[in-house]
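Working notes for the structure below.
All ligand and atom numbering here is 1-based and tracks the order in the structure. The structure displayed is predicted, hence computed values, not measured ones. As a basis for the values below, the full set of heavy atoms in this structure was taken, side chains included, without hydrogen atoms, waters or symmetry mates.
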Amino acid sequence: MVADNAADSAKDQKESMDVLASTRTVVKNALEKLGYPDEVFELMKDPMRMMTVRIPVRMDDDSIKIFTGYRAQHNDSVGPTKGGVRFHPNVTEKEVKALSIWMSLKAGIVDLPYGGGKGGIICDPREMSFRELEGLSRGYVRAISQIVGPNKDIPAPDVFTNSQIMAWMMDEYSRIDEFNNPGFITGKPIVLGGSHGRESATAKGVTICINEAAKKKGIDVNGARVVVQGFGNAGSFLAKFLYDAGAKIVGISDAYGALSDPDGLDIDYLLDRRDSFGTVTKLFENTISNKELLELDCDILVPAAVQNQITEENADNIKASIVVEAANGPTTLEGTRILSERGILLVPDVLASSGGVTVSYFEWVQNNQGYYWTAEEIDKKLHEIMIKSFNNIYNTSETRRVDMRLAAYMVGVRKMAEAARFRGWV
Ligand SMILES: NC(=O)C1=CN([C@@H]2O[C@H](COP(=O)(O)OP(=O)(O)OC[C@H]3O[C@@H](n4cnc5c(N)ncnc54)[C@H](O)[C@@H]3O)[C@@H](O)[C@H]2O)C=CC1
Ligand SMILES: O=C(O)CCC(=O)C(=O)O
C-alpha cells in the first residue's frame, strides 16, 4: 500500500531523501560552476510564491471534507510559471516546492518562455468518486484563481490527474473569468483545445532520450531489456513505444507491486487491463516488489513513478547500464553519485521528462493563436527540441567534466539567472 502522509513526512526528514534540500544543493553547485554570485542562489533556492489552500468538498455521503492543497511559483523572470498538479496522499509542501524548481529547470533546458510552477493536493483520488473529484478540482481552482491564469501561471496534469480533471479546472476558471479561457491550463481533451500528442508527450520525450543515450552506449534499443517502474501516463506509453520498437520489457510496476518476465511481458495485454490510475498488478498473483523490480537484470531502467527510488541503499545493485528518469526526482544525490561512479549513464528527470511541458507549451501557443497543428507537426517539433536538448546537456557534461544531472542544472538555470539579472533583481 502507499504510505500515509505522516510516514512520508518522516521519511522526508532524512537528509538524503529531502528532495528540496538536494535540489538546492545541485542548483547551488550549478550556479557556482557558472560563476553567479550568492544572491542568485538566494533568489532561486525557494519559490517566489507559495500558496496553501484549504478546499471544502461535499462528499457523496453528504459530509464535508476539507482537503489541503498547494501551488508553488518558483520564478517568473523568464515568463509565466508553468507546471502540473498532483493528487496524491503523500503530497508535501517541500515536495511541491522542489517540483516547482524542477519545472523552472525543465523550461530552461528545452528553452521555453516560462518559469516553473507546481501544485498538489493531499488526497487519494483512487478512493474518491467522479463527482467528488470534480468538486475537489473545481474547489482547488477557486482557491488559487487569483494567482493563476494564462499569463501568470498555467497548470497541467501530473500524478493521478488527467485530461478530465484539466477540463473541470478549465471550465471553473472560465466561469470565474467570465469567458472561455482554454490557455489557462494544458493537458485538456482535444475537443476543449487540447493538443495532439500531449497525452503521450512525456513518454515520447523519454523515448527520444533513451534512443540518444543508447547510441552513446552502443546499445540497440531493438532487443534491449527494459524495466519500467510505474504504469501510468508516463510509464505505460513509454513501455508501449519501446515494445513497438522491439525492446523486451522485462519488468513493469505500479503502486501495489511489480510484474517481471525475463522473456518479455505482453505490453498490449497489460495496457488493456490497466485501470485509469495505472494499476494492473493487482490482477496477478506472481508479483514482486518495486524494490526487486529496480534491481532486475536489464539494459535500460526507467523509473516513471515517484521520487526517492534509487538511493544509496540500492544504487550498487542496479544492473542497467542506462537509467533514464521519466519520474521527477527518482534518484537521490547519493544514488546519483554511485551510479555515475559505476559508469552508468543517468539521464536526469529535468531533461528526460521535459517532453510533457514542451507539448504543453505547444498547446498553450495553439490556444493563444486559435490555430491548431497536426499530430505530425507536433511530433516533429518535439523531436527536434528533445534531440537538441539531450546533446546540449551530454556535451556540457563531457566538456565541463560533470555528471549529466549537474550539466542539466547548469543549462537549466542559466536563462533564468540572466533574465533575473536583466530585470535588475539580482
Ligand atoms: N504526466 C506528465 O506529463 C508528467 C509526469 N512526470 C512524472 O512522471 C511520474 C509519473 O507520472 P504520471 O505517469 O503522470 O502519473 P500517473 O498517475 O499517470 O501514474 C503513476 C504511476 O505510478 C504508480 N505509483 C504511484 N505511487 C507509486 C509508488 N509509491 N511506487 C511505485 N509506483 C507507484 C501508479 O500506480 C501509476 O502506475 C511522476 O514522477 C510525474 O511527476 C514528469 C513529467 C510530466
Ligand atoms: O505539462 C506541463 O506543463 C507540466 C508537466 C509537469 O508537471 C512536469 O514536467 O513535471
Side-chain angles (χ1 to χ4, degrees), residues 1-3 7-8 11 19 72 80-91 95-96 98-107 109-110 112 114-120 124-126 153-163 165-166 185-188 194-195 197-206 228-239 252-258 270 274-282 289-291 293-294 302-309 324-331 349-364:
M1 278 301 289
V2 180
D8 193 62
K11 205 171 79 174
V19 284
T81 48
K82 173 129 193 55
V85 182
R86 174 175 289 202
F87 284 9
H88 197 279
N90 296 350
V91 164
E95 171 193 76
V96 175
L99 283 159
S100 75
I101 301 177
W102 294 334
M103 287 312 304
S104 285
L105 297 167
K106 290 185 201 190
I109 287 166
V110 286
L112 307 180
Y114 293 138
K118 199 83 183 196
D124 195 339
R126 293 164 294 188
D153 181 18
I154 306 130
D158 191 67
V159 176
F160 293 161
T161 54
N162 55 27
S163 58
I165 290 174
M166 300 304 109
I185 203 162
T186 60
K188 301 177 293 293
S195 177
R198 175 59 187 90
E199 222 189 342
S200 56
T202 305
K204 187 65 76 67
V206 177
V228 182
Q229 185 192 33
F231 208 54
N233 173 276
S236 69
F237 276 109
L238 176 74
I252 62 109
S253 78
D254 58 30
Y256 304 93
L270 295 175
R274 74 189 262 281
D275 72 11
S276 62
F277 294 108
T279 308
V280 69
T281 65
K282 277 179 165 180
S289 67
N290 267 281
K291 185 176 176 297
L293 173 100
L294 296 169
V302 187
V306 287
Q307 56 261 36
N308 290 335
Q309 298 301 297
V324 181
E325 298 179 331
N328 282 301
T331 313
D349 48 5
V350 288
L351 165 63
S353 73
S354 59
V357 68
T358 302
V359 177
S360 273
Y361 165 63
F362 298 156
E363 182 172 330
W364 180 75

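- The protein atom (non-hydrogen) at minimum distance from atom 9 (O) of ligand 2 is Lys106 NZ, 2.8 Å.
- The closest approach between any non-hydrogen atom of Gly187 and ligand 2 is not below 4.0 Å.
- Screening residues 349-364 for salt bridge (charged side-chain N to carboxylate O under 4.0 Å, His left out) gives Lys188-Glu363, Asp349-Arg405 as the qualifying pairs, with residues at least two apart or on separate chains.
- Ligand 1 is never approached by Gln307 to a heavy-atom distance shorter than 4.0 Å.
- Distances shorter than 4.0 angstrom do not occur between any heavy atom of Arg86 and any atom of ligand 2.
- Taking atom 1 (O) of ligand 2 as the reference point, the nearest protein heavy-atom neighbour is Ser360 OG, 2.6 Å.
- Panel note: side chain Thr161, backbone Val85; a donor-acceptor pair is recorded below 3.5 Å.
- Residue-level proximity to ligand 1 for Tyr256 is absent, since no heavy atom of it falls below 4.0 angstrom.
- In this structure Ser276 satisfies the side chain to side chain contact (heavy atoms under 4.5 Å, CB included) test with no other residue, sequence neighbours excluded.
- Nearest protein heavy-atom contact of atom 8 (C) of ligand 2 is Met103 SD, 3.2 Å.
- For a threshold of 3.5 Å applied to N or O pairs, the pair formed by Gly230 and ligand 1 contains no separation below that value.
- The backbone N or O of Phe277 sits nowhere less than 3.5 Å from a side-chain atom of Arg126 that would complete a donor-acceptor pair.
- When the heavy-atom distances from atom 6 (C) of ligand 2 to Glu363, Lys118, Arg198 are ranked, the shortest goes to Lys118.
- Between Lys118 and ligand 1, no pair of N/O atoms sits closer than 3.5 Å.
- Closest protein heavy atom to atom 3 (O) of ligand 2: Lys82 NZ, 2.8 Å.
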